[in-house]
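Here the structure is a predicted model, which is why all the values come from computation and not from measurement. In what follows, every chain begins at residue 1, and chains take the letters A, B, ... in the order their sequences are listed.
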Amino acid sequence: MNTIVIDRKTVTDKSVNTTEQQKKIAVKDLNLFYGEKQALFDVSIDIKEKEVTALIGPSGCGKSTFLRTLNRMNDLIDGVKINGKMVIDGEDIYQTNDVIKLRTKVGMVFQKPNLFPMSIYDNVAYGPRMQGIKNKAELNKIVEESLRGAAIWDEVKDRLKSSALGLSGGQQQRVCIARAIAMKPEVILMDEPTSALDPISTLKVEELIASMKKEYTIVIVTHNMQQAARVSDKTAFFLNGEIIEFDETNKIFSMPSDQRTEDYVTGRFG
Amino acid sequence: MNTIVIDRKTVTDKSVNTTEQQKKIAVKDLNLFYGEKQALFDVSIDIKEKEVTALIGPSGCGKSTFLRTLNRMNDLIDGVKINGKMVIDGEDIYQTNDVIKLRTKVGMVFQKPNLFPMSIYDNVAYGPRMQGIKNKAELNKIVEESLRGAAIWDEVKDRLKSSALGLSGGQQQRVCIARAIAMKPEVILMDEPTSALDPISTLKVEELIASMKKEYTIVIVTHNMQQAARVSDKTAFFLNGEIIEFDETNKIFSMPSDQRTEDYVTGRFG
Amino acid sequence: GNSSAGDKTGDLEGNIHTLAISGSTSVGPLAEKLAEKYEKNNNIKIEINQIGSSAGITNAINGVSEIGMSSRELKDEEKESLQETVIAYDGIVVVTHPSNKVKNLTMDQVKDIFTGKVTNWKDLGGDDLEIVVVSREDGSGSRDAFQEIVGYSSGELIKSAIVASGNGNIKTTVATNKHAVGFISFEYIDDSVSPVSINGVDATAENVLNHKYVLSRPFLFVHVEDNLTNEGQKFIDYILSPEGQAIAAESGAIPVQ
Amino acid sequence: MSSIPIKKDAGEIGKANKRKYLLEKVSGRVFLFCALLSVVSLLLIIGFVFYKGSHPFIAEGYSFIDFLLGSDWVPSEDKFGILPMIVASIYATIGALIIGVPIGLFTAIFLAEIAPRSVAKIISPAVQLLAGIPSVLYGVFGLAIIVPFLQNNLGLIKGQSLIAVIIVLAIMMLPTVVTVAETAIRAVPKTYREGSLALGVSPIGTIFKVVVPAAKSGIMTAIVLGMGRAIGETMAVILVAGNSLIIPTSLTDSIRPLTTNIALEMGYAFGTHQEMLFATGIVLFSFILILNFVLARISSKGGN
Amino acid sequence: MRKLKDNILLGLLWFAAFLTVAVLVMIVGYIFYKGIGLISFDFIFGDYSPSGGGGILPMIVTTIYTIAISLLIATPIGILAAVYLQEYAKQGRLVNTIRFATESLTGIPSIIYGLFGAVFFVTTLKLGMSIIAASLTLTIIVLPVIIRTTEESLKTVPRTYREGSLALGTTKLQTLYKVILPSAMPGILSGLILSMGRIIGESAAIFLTAGTVAAMPASIFSSARTLTVHSYLVTQEAGDIELAAAVGIVLIVLILILNLTATFISKKLNKANY
Ligand SMILES: Nc1ncnc2c1ncn2[C@@H]1O[C@H](COP(=O)(O)OP(=O)(O)OP(=O)(O)O)[C@@H](O)[C@H]1O
Ligand SMILES: Nc1ncnc2c1ncn2[C@@H]1O[C@H](COP(=O)(O)OP(=O)(O)OP(=O)(O)O)[C@@H](O)[C@H]1O
Ligand SMILES: [Mg+2]
Ligand SMILES: [Mg+2]
């Protein structure tokens, strides 16, 4: 595996024009079953490079499930069956066997900060180390860059060697983001990354997402409609395992074309 | 930050008799230490009967800590030292030894639904059973009433005997509320009860809180300012272990007297 | 003076007397067979516990058992409080792997083997194989007797000797190693090992009785004078009777007379 | 305490709660009592061993140093030196740990993380079954299978040896190590696994870098209990050790560990000899203390 | 590079599991191969005869007695002691010392426990050589195992369960037996199964305290012989490996039955929770 040189710089300058942006992820007629129970129905969606896409919808509608198909985390669950097509960078991710490469390219941040019981430094250095990077200076650099990227460097720089579990929730979540960034992924998936955080931490994470947009393609699940409105370019509304509507975020929130979407975003639902 | 419409019907018909309501909880100069570290500084606050009091403030400011002093859950943590006065119904709760009575009177709902690995029925019946109620019919009645009270009866009535862990997060949280109600408490403490829930479940819980106000005194910690605005009569703003401001909710959100409060509620903080 | 264990079970069993005997695992099997026969004709229950000579002697001294069994000589301190009765003799045989060609040794050769002066079977007329010596543990009655008769001390035993506990383990060890030589009781001899005659005399009961074969040791019953009940005394008498001695002979031990 | 109004009726609650507090207090005492009972029984044993074992050195003028460093053990000639046995015990224990712990842990990891549920469901109980097989039978197995095997394949004159002891002990540790470690590994939260896998780390990498370290405490318990089993084992070891009184210099030398020395001679020992066997017990106990201490150190080092 | 390392590690995992299973199969296979020929109705239910070794029913009964009594005493004491150490005691020096001592005692050879039992229970407490004396000795032997495994499984019970229960005005005790212990059950159970194995496999500690009387025990105050002691004696003195193996087969079947029963009970207990 040719370790970290998943060069971002080269791809950087082409995000100027939305229309010309490449399709990063293309999903076509995706169906997912937990055993007998179908959780996703004919989901089709195209996600563009260097955009933030928000997934919203009521509880149990399949947002997390869909998000987890993007880096094949659902593989871990017994009895999951998937059909349909999911292409990232032109490659059908369910055809390849290199899940590791996929997950290196597609990072993930979970709802509850799930740092490992190690030091802050080791948490962030974990991924690169497992990629085979041993050089101390290089690791230091990656850790610092990632923590800076996650806007948490200043808060933790003096305690890199102390346990990550001693941080506050908001700090932990940002270290989780740093941990994901350290792998230099191209896509970052976030499953309700701020639901456990206070408004200030939330704000920080949202700012972070806004700034990360320059470099990464981001897909975020959120329950917080304001958040979706604030951070995302596009929004997909899920209901009962289907995508009801997928459009520019301000369109979804100002004049959705489907009645159900409108009911939901105005809180009149249910 | 408060872009989207906050208060719907709530703040309207409430506190008709604010002045006449009894003091349910009176806290005076409460200081709390985790070992050497002080987490609460001279906290004083009076909470009236049958009102909803919201506690807001940035992460780590001591909201949960304060909430947990109200039913002495902090007793469980090694090395906690408390001084000051905390009186509920005229009785200093740190003078009495009857923690059981206190906790029966003061119920609690946690941030993450923490149902036991038992059936829904057994979860709700757990507290009453532990109080010595054995009569089947009586238990059935309590369980049904509590689940109805928590607006979850219709959703679970057909699966009372199946595991509570099979419910969705929002459902679980409402069963947690039912479990607390089943003890017929007078005060209910809620620590970010909706942070793990989707908007629809959140709405349901908020409606529940509004309706429960008739019977219970409620203290709720929330990160969601809109929520505080929607559900509470009074709001206390915590910062670094101190109460900066405590007042009518609409006063706090419309014209706070302290600059720091204003900064916080308008999202300009930090 | 009855034993405490005896009292307890005696009460629960009604009026049947329980005779508690414990000690040597070498004497145990013989005692069990004697007890089996004796119980058939007498209103008595005999409990036999094979827990090792020292533990049996201790039990006899402190009253846990009425009679102790020992396959080693009593130490002087022990003799002060205990009476001993020889109930039979046990012949000791030097054994080798069945494939070993050496079938006869002189006493001096035996000594040389166990003290490490001779280390290869070819020096004794066998194949060119190194000798592996197998001995019992220090303190064991067989070993004490064997060493005393052969004429070497524990300190002289070759250091690399395998030490095995119990006749069974020596037998298994020798039976699975063509280099090995050890010594076991008469009663455990079978096809898996090859007995060696000493100075040309075969290891048989007659040869022991007529003093031609000298490798033997006594099996002891020991008791505290005051603790022995009539029933206990009767059982000892039975063992020493011709009938008892016949049973002893049958099960491979050598009768007292 | 019969009707629903648990509320208001303060007097009644007071009474009922009084009962509960009483019960609470009593049960707290009962738990403490149980803990103390365990401690007391343990102290009794330690006291017993020390009382018996220290006697020769305190009352009979034997030198403890000679006891530790002497290499002649001839009880009938009043020579009590246990150096060969100390060395043998150290070699045997370390050897068994080196073989048994990795195999046990790897098996536990396999069962908890790799094996399909249906397979683990058969193997795990089967391994627990091994824990119940009497050590004598392990010894017999060792004597009848392992010893001849070593003898024939290594061209030895006798298979009773250090290596045979190590193999038998390693086998006997397995059930404890596997069972306890497997339970610990299964208890590691799923979120750790997900977090690591989502970083593109392979399942194996995840297991060794995240899951196993997170289960450290349980794994340590597994090792300590397994080690205890290995050190305390006598019956099987007696059969395969050879019990020769030499300081082992190679894996193929026969050895006499401290434990077998005790078990071997206790049946015939008397007086000073017996007390010296207890003294051997003290040395053994200290040996275990040191090992546990070292293990605890290692585990807390590996901690952060 | 990483992949190679992964594959090597994976291979090692398979290899270790294979080795463990192979050892299991070999040992059990060997025992069956050697002993199955002797197994018959008479071998188990016939009259015991000192020469044949058959008629082992009394030893089966004795074995079950010792397991039952030791576990009956050790289980509550061990679990409650663990509860005290984990849930009640202030974590610190003292508790750690207790823990350390407990762990260290698991390595004391059982013959020393046996001698202790012979002096303390048999002689000092005047229990005589009896099943009860042996069971008490065994209790001490397995206590550390039960305490340690129980503590470990208590540690894994989420804090939220404790808080949730206590916040409902329940006492610590109620929380303990309604919520905490049930959740810790699987771990506790595997500790008990290990202890059971230790009890079944014990010989030295038993023959010094219960003796070796080969007769049906009249009561728990009788001296008696367990299956393991029986197989020990026949190996030690007679070197009769077939007989020892046949006894081993009976033991294995017995362990199987007991393990299955334990698993069954735990399933029942878990069900009761749902
Ligand atoms: N492991 C599983 N096995 C079976 N069904 C599952 C599993 N995980 C999720 N489901 C079901 O699939 C549906 C979609 O679940 P999912 O977690 O994707 O919802 P969500 O939109 O993320 O909800 P939330 O907002 O509550 O997180 C739900 O009905 C859920 O019950
Ligand atoms: N068990 C503990 N030991 C030591 N310090 C603690 C403990 N629990 C909380 N603290 C500290 O006390 C302070 C207040 O914590 P608290 O949990 O009350 O904050 P909070 O306002 O509820 O924050 P959040 O919104 O993140 O839940 C924090 O600085 C926290 O680190
Ligand atoms: Mg979700
Ligand atoms: Mg909090």
Side-chain angles (χ1 to χ4, degrees), chain D residues 20 23-24 27-28 30-32 34-35 37-39 41-42 45 48-49 103 106-107 109-110 114 123 125-137 140-141 144-145 171 174 176 179-180 183 187 202 204-205 218 221 224-225 228 231-232 234-235 259 262-263 266 281 285 288-289 292, chain E residues 6 9-10 12-13 16-17 19-21 23-24 27 30-31 77 80-81 83-85 88 98 100-112 116 140 143 145 147-149 152 156 171-173 187 190 193-194 196-197 200-201 203-204 228 231-232 235 241 244 248 251-252 255-256 259:
Chain D
K20 283 186 184 170
L23 208 64
E24 192 80 340
S27 64
V30 170
F31 297 157
L32 174 61
C34 286
L37 204 66
S38 322
V39 174
S41 59
L42 305 179
I45 301 239
F48 174 72
V49 174
I103 295 181
F106 273 47
T107 304
I109 293 169
F110 179 83
I114 309 265
I123 299 184
V127 170
Q128 286 176 356
L129 182 78
L130 273 178
I133 296 179
S135 44
V136 185
L137 289 179
V140 169
F141 175 77
I145 303 286
I171 292 176
L174 279 180
T176 315
T179 306
V180 179
T183 316
S202 63
I204 300 289
T221 307
V224 168
L225 290 181
I231 297 176
T234 48
M235 292 312 171
T259 41
I262 299 172
M266 204 51 112
F285 188 66
I288 298 165
L289 279 182
N292 277 359
Chain E
D6 277 3
L9 281 171
L10 185 65
L12 285 177
L13 287 175
L19 263 186
T20 306
V21 173
V23 162
L24 175 79
I27 290 179
Y30 173 77
I31 292 171
I77 294 182
L80 296 187
V83 164
Y84 181 80
L85 293 178
Y88 283 73
I98 294 177
F100 195 67
T102 323
E103 276 172 358
S104 303
L105 276 164
T106 56
I108 295 279
S110 42
I111 187 123
I112 289 198
F116 169 77
I140 298 181
L143 263 180
V145 180
I147 293 178
R148 288 303 288 133
T149 46
E152 279 307 315
T156 63
T171 63
K172 222 168 164 175
L173 186 64
S190 72
I193 289 179
L194 281 182
M196 208 158 71
I200 292 176
S203 47
T228 303
S231 68
Y232 167 74
T235 339
I241 290 172
L251 270 170
I252 290 174
I255 298 165
L256 263 183
N259 283 11

**Study point:** N/O donor-acceptor pair under 3.5 Å between E/Thr228 side chain and E/Ile200 backbone
**Key:** yes
Contacting region of [X] [heavy-atom separation from chain E under 4.5 Å]:
{"X": "D/Thr234", "result": "side chain"}
{"X": "D/Thr183", "result": "side chain"}
{"X": "D/Val140", "result": "both"}
{"X": "D/Phe48", "result": "side chain"}
{"X": "D/Leu32", "result": "both"}
{"X": "D/Ile114", "result": "side chain"}
{"X": "D/Ile123", "result": "side chain"}
{"X": "D/Ile45", "result": "both"}
{"X": "D/Val49", "result": "side chain"}
{"X": "D/Leu129", "result": "both"}

Check your understanding: Do E/Ile31 and D/Ile133 come close enough that some side-chain heavy atom pair is under 4.5 Å?
Key -> yes
Heavy-atom cut-off 4.5 Å, strictly under: side chain, backbone, both or neither for [X] against chain D?
{"X": "E/Leu143", "value": "side chain"}
{"X": "E/Leu10", "value": "both"}
{"X": "E/Leu19", "value": "side chain"}
{"X": "E/Ile111", "value": "side chain"}
{"X": "E/Tyr232", "value": "both"}

**Study point:** Choice from D/Ile231, D/Ile109, D/Thr176, D/Ile288 maximising heavy atom contacts with chain E below 4.5 Å
**Key:**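 Max contact count across the listed options: D/Ile288.
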